[in-house]
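Lettering follows sequence order; numbering is per chain, from 1. Every heavy atom of this structure was used, including side-chain atoms; hydrogens, water molecules and symmetry mates were not.
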Amino acid sequence: MGWAIALHGGAGDIPYSLPPERRLPREETLRHCLQIGVKALKSNMTPLDVVELVVRELENIPHFNAGRGSVLTNKGTVEMEASIMDGNTMKCGAVSGLSTVVNAVSLARLVMDHTPHIYLAFDGAEEFARQQGVETLDSSHFITPENIERLNQAKDANRVQIDYTQPIQKDTIKNETETSLANGDSQIG
Amino acid sequence: TVGCVAVDSNGNLASATSTGGLVNKMAGRIGDTPVIGAGTYANEFCAVSATGIGEAIIRATVARDVAAIMEFKGLSLKEAADCVVHERTLKGAVGLVAVSASGEVAMSYNTTGMFRACATEDGYSEVAIWPN
């Protein structure tokens with residue numbers, strides 16, 4: 001038995017041709033966050049504190065889809081969500097529909113630690129964030145030019161996209177839509 | 001989506017996940033992340049953080065199923081994670097990272113790739129995107 005840590009920055013149709021200028025910063029972020037987690041575990045920080053610390057760092061770096069760099073809704077807004085769970089106590093906390101909270105995972109932790117509930121959403125979650133005095137910023141802070149472009153591509157294709165999905169051609173869109181409708185699949189779950 | 005799971009030398013486990021969701025999602029849509037047991041779960045057996053299409057992850061209760069398979073079938077973490085990801089979940093829809101109470105690590109996905117990293121006390125470390 002020994003300590004261990006694993007982290008992810010999202011799964012999806014990540015092309016093997018991902019250019020170095022997009023790949024290398026993401027790999028460096030993973031390496032950086034892994035080092036933070038390893039250092040914290042070695043210093044005997046609890047796993048609950050470690051996962052919050054690492055996810056906060058991932059949220060603060062805009063290369064991944066959380067916090068700053070979150071992808072956009074069909075209205076061009078951000079609606080962030082996060083959760084955290086302690087295996088020892090089975091205590092957990094979750095939030096969704098956040099548009100101004102800098103670190104959603106820490107608000108989830110506060111839901112877990114400071115309320116009798118598990119999950120707060122939208123206006124209630126935002127109000128709780130202000131009550132708790134967590135850092136908030138205008139929602140424009142979270143929106144990156146890259147994600148505005150991705151939203152426009154998704155709207156052109158009339159579909160929702162998992163992380164890193166590549167744009168598809170118009171002809172493909174038409175065929176895919178016809179197939180999806182024939183299968184009764186709206187592609188939005 | 002981003003996530004992290006960790007276990008200390010005493011077998012204490014925790015998991016956390018955070019996301020902006022899907023590009024062009026309907027305003028008001030809830031994904032798997034805040035639904036405990038879907039994208040995030042931890043108990044005395046393992047800690048799991050998932051990523052991918054939230055609707056598929058919710059339907060398959062991905063994170064809880066990994067823990068349940070370990071508990072009720074006695075499989076290892078890697079076997080449980082691979083079972084859920086490759087046999088019980090829509091292909092191209094999900095990835096996860098997990099650690100067990102004994103310090104085992106699993107990073108399983110059925111998408112083209114997953115941005116991931118891990119380290120263990122015995123000195124093993126990995127940063128990867130695609131299958132090796």
Side-chain angles (χ1 to χ4, degrees), chain A residues 1-14 16 26-27 30-31 34 37-38 41 47-48 50-52 54-55 58-59 64-66 70-71 73-75 77-88 90 92 94-96 104-105 118-119 150-151 154-155 160-163 189, chain B residues 1-9 11-27 30-31 33-34 36 39-44 47 49 51-53 55 94-95 97-99 102-105 107 109 111-122 125 127 129-130:
Chain A
M1 183 183 292
W3 60 256
I5 183 170
L7 56 99
H8 68 79
D13 184 20
I14 307 166
Y16 291 104
R26 286 168 173 81
E27 288 178 341
L30 292 172
R31 202 168 287 114
L34 185 64
V38 168
L41 278 169
L48 190 64
V50 171
V51 296
E52 181 185 356
V54 170
V55 169
L58 286 162
E59 287 174 335
F64 296 120
N65 174 22
S70 286
V71 297
T73 70
N74 59 359
K75 293 183 177 176
T77 57
V78 288
E79 290 184 353
M80 300 173 285
E81 54 191 42
S83 60
I84 190 166
M85 188 162 187
D86 180 358
N88 267 349
M90 304 285 285
C92 48
V95 289
S96 69
V105 70
I118 286 175
Y119 176 21
R150 290 178 69 191
L151 175 62
K155 282 187 168 179
V160 293
Q161 288 182 178
I162 191 175
D163 290 359
Chain B
T1 306
V2 304
C4 181
V5 292
V7 58
D8 66 15
S9 300
N12 300 304
L13 290 147
S15 173
T17 312
S18 182
T19 189
L22 297 172
V23 181
N24 201 27
K25 67 181 180 181
M26 292 174 69
I30 302 300
T33 304
I36 297 296
T40 304
Y41 193 73
N43 64 6
E44 72 270 36
S49 173
T51 170
I53 299 175
E55 285 76 4
V94 65
V97 296
V99 292
S102 61
E104 187 185 4
V105 174
M107 299 192 290
Y109 54 95
T111 53
T112 306
M114 178 170 73
F115 290 101
R116 63 194 188 276
C118 71
T120 58
E121 188 168 345
D122 62 10
S125 179
V127 175
I129 304 173
W130 300 283

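With a 4.5 Å cut-off on non-hydrogen atoms, Val78(A) does not touch chain B at all. Contacts of Ala27(B) with chain A are made by both backbone and side-chain atoms, with heavy-atom separations under 4.5 Å. Proximity to chain B involves both the backbone and the side chain of Leu151(A), based on heavy atoms less than 4.5 angstrom apart. Proximity to chain A is limited to the side chain of Ile36(B), based on heavy atoms less than 4.5 angstrom apart. Only the side chain of Lys75(A) comes within contact range of chain B, with heavy atoms under 4.5 Å apart. In this structure, chain B has heavy atoms under 4.5 Å from both the backbone and the side chain of Leu48(A). Both the backbone and the side chain of Ser49(B) have a heavy atom closer than 4.5 Å to some heavy atom of chain A.
Across Ala82(A), Ser83(A), Gly37(A), the residue that shares the most heavy-atom pairs under 4.5 angstrom with chain B is Ser83(A). Among Ala104(A), Gly2(A), Ser70(A), the residue making the largest number of heavy-atom pairs under 4.5 Å with chain B is Gly2(A). Here Pro34(B) is the residue among Gly31(B), Pro34(B), Ala47(B) with the most heavy-atom pairs under 4.5 Å with chain A. Comparing Met107(B), Glu121(B), Met114(B) by heavy-atom pairs within less than 4.5 Å of chain A, the highest count is held by Glu121(B). If you tally non-hydrogen atom pairs under 4.5 Å between each of Gly113(B), Gly95(B), Ala98(B) and chain A, the highest count goes to Gly113(B). Chosen from Asn88(A), Val95(A), Val54(A), Val38(A), the residue pairing most often with chain B at heavy-atom distances under 4.5 Å is Asn88(A). Taking Ala154(A), Ser96(A), Ala94(A), Gly87(A) one by one and counting their heavy-atom pairs under 4.5 Å with chain B, the maximum is reached by Gly87(A).
Asn43(B) contributes no side-chain N or O that, together with a main-chain N or O of Met90(A), makes up a donor-acceptor pair within less than 3.5 Å. Although no hydrogens or angles enter the test, the distance criterion places no donor-acceptor pair under 3.5 Å between the side chain of Glu59(A) and the main chain of Ser18(B). Under a 3.5 Å cut-off, the side chain of Trp3(A) and the backbone N or O of Ala6(B) do not form any donor-acceptor pair. Side chain of Thr51(B) to backbone of Ala11(A): a donor-acceptor contact under 3.5 angstrom is found.
To the nearest 0.5 Å, the span separating NZ on Lys25(B) from CG on Asn74(A) amounts to 10.0 Å. In this structure, OH on Tyr16(A) lies 11.0 Å from CD1 on Ile129(B), to the nearest 0.5 angstrom. Rounded to the nearest 0.5 Å, atoms OG1 (Thr111(B)) and CG (Asp13(A)) are 8.5 Å apart. Of the inter-residue distances, the one linking Thr73(A) atom OG1 with Leu22(B) atom CG reads 11.5 Å to the nearest 0.5 angstrom. Within the model, atoms CG of Asn65(A) and OG1 of Thr1(B) stand 5.0 Å from one another, a figure rounded to the nearest 0.5 Å. The OG1 atom of Thr33(B) sits 4.5 Å away from atom CD of Glu81(A), with the distance rounded to the nearest 0.5 Å.
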Point to revise | Chi angles and distances behind the side chain to side chain contact (heavy atoms under 4.5 Å, CB included) call for Val51(A), Ser15(B) | key: CA-CA 6 Å; Val51(A) 296; Ser15(B) 173; 5.7 Å; no
**Study point:** Pair Phe115(B)-Leu58(A), side chain to side chain contact (heavy atoms under 4.5 Å, CB included): steps then yes or no
**Key:** CA-CA 12 Å; Phe115(B) 290 101; Leu58(A) 286 162; over 6 Å; no
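Taking Ser125(B) as the reference, nothing meets the side chain to side chain donor-acceptor pair (under 3.5 Å) condition, with sequence neighbours excluded.
Summarising the geometry of Val127(B) relative to Glu27(A), their closest heavy-atom pair is CG1-O, 4.0 Å, with the distance given to 0.1 Å. Taking all atoms of both residues into account, the shortest heavy-atom contact from Thr112(B) to Ile14(A) is CG2-O, 3.3 Å. Shortest non-hydrogen contact noted between Leu34(A) and Cys118(B) is CD2-O, 3.4 Å. Nearest approach of Ala66(A) to Val2(B), heavy atoms of both residues: CB-CG2, 3.7 Å.
Of the residues listed (Val7(B), Leu13(B), Val99(B), Asn12(B)), the one engaging Pro47(A) in a side-chain contact (heavy atoms from CB on, under 4.5 Å) is Asn12(B), and it is the only one.
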